[in-house]
Novice: 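Let me give you the structure first, and then I'll get to my questions.
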Amino acid sequence: MNYDKNNIFAKILRNEADCVKVYEDSKVLAFMDVMPQAPGHTLVIPKFETTNLLNLPDEFMEPILKTTKNIANAIKKVYSPTGVMIMQLNGKEAGQTVFHLHFHIIQRSSGLEYKFHSRDVEDFDKLENEARKIRKAIAI
Ligand code: AMP
């Protein structure tokens, strides 16, 4: 599948669409998923046009995995879940719906409601409130 420059994450990277930022550096951007499956659901994307992980240049591997790990640790600090799910889908048949590579970071605990994928849009104020806590925990 060819990379579509008009996918929503490409627009976020070009500042043509809004997002609630959690972290950014020269190689990666992390922001809140607008349809969170659990509070704090964060996405990490490379600043590189690729639909999936299989075509990501090696120079982005360390930054994207390091950021994913740091945010997973921040989510642990903020929500104290018993588990953290890191999910990354490659291709429509694998369930991918946005075709710019992304890693999901989702807290999991027994008893915590785990919502459907891409179902309910959360309002930006609530997302900003969660992002603030995660940003603070990354810094510690
Ligand atoms: P996937 O199925 O792995 O491609 O997941 C795409 C994710 O992107 C879903 O969890 C959606 O909720 C999320 N999503 C879609 N549009 C946006 C957006 N504008 N900002 C943030 N997250 C989004």
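All ligand and atom numbering here is 1-based and tracks the order in the structure.
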Novice: Please check if the number of heavy atoms outside Arg14 that lie under 6.0 Å from its CZ is greater than 12.
Specialist: yes
Novice: Between the protein and ligand 1, are there any N or O atom pairs that come within less than 3.5 Å of each other, and if so, what are their names and distances?
Specialist:
from, atom 1, to, atom 2, distance (Å)
ligand 1, 2 (O), Gly95, O, 3.1
ligand 1, 2 (O), Thr97, N, 3.2
ligand 1, 2 (O), Thr97, OG1, 3.0
ligand 1, 2 (O), His117, NE2, 2.5
ligand 1, 3 (O), His102, NE2, 2.8
ligand 1, 3 (O), His104, NE2, 2.8
ligand 1, 4 (O), Thr97, N, 2.7
ligand 1, 4 (O), Thr97, OG1, 3.3
ligand 1, 4 (O), Val98, N, 2.9
ligand 1, 4 (O), His102, NE2, 2.9
ligand 1, 5 (O), His102, NE2, 3.1
ligand 1, 5 (O), His104, NE2, 3.3
ligand 1, 10 (O), Asp33, OD1, 3.4
ligand 1, 10 (O), Asp33, OD2, 2.5
ligand 1, 12 (O), Asp33, OD1, 2.5
ligand 1, 12 (O), Asp33, OD2, 3.4
ligand 1, 22 (N), Val34, N, 3.3

Novice: For Ala38, does its backbone N or O pair with a side-chain atom of Lys115 as donor and acceptor, under 3.5 Å?
Specialist: no
Novice: State, with a plain yes or no, whether a side-chain heavy atom of Met32 is found less than 4.5 Å away from one of Ile134.
Specialist: yes
Novice: With sequence neighbours excluded, give me every side-chain hydrogen bond (donor to acceptor under 3.5 Å, both in side chains) pair touching residues 129-140.
Specialist: Tyr79-Glu130, Glu128-Arg135, Asn129-Arg132, Glu130-Lys133
Novice: Let me have the donor-acceptor pairs involving side chains of residues 40-63, under 3.5 Å, with sequence neighbours excluded, atom names and distances please.
Specialist:
from, atom 1, to, atom 2, distance (Å)
His41, ND1, Gln37, N, 3.0
His41, NE2, Asp33, OD2, 3.3
His41, NE2, His104, ND1, 2.9
Thr42, OG1, Gly40, O, 2.7
Lys47, NZ, Glu24, OE2, 2.8
Lys47, NZ, Asp25, O, 2.7
Glu49, OE1, Lys5, NZ, 2.9
Glu49, OE2, Lys5, NZ, 3.0
Thr50, OG1, Asn52, N, 3.3
Thr50, OG1, Asn52, O, 2.8
Asn52, OD1, Leu54, N, 3.0
Asn52, OD1, Asn55, N, 3.4

Novice: Of all residues at least two apart in sequence or in a different chain, which pass the ring pair (Phe, Tyr, Trp, His ring centres under 6.0 Å) check with Phe31?
Specialist: Phe9
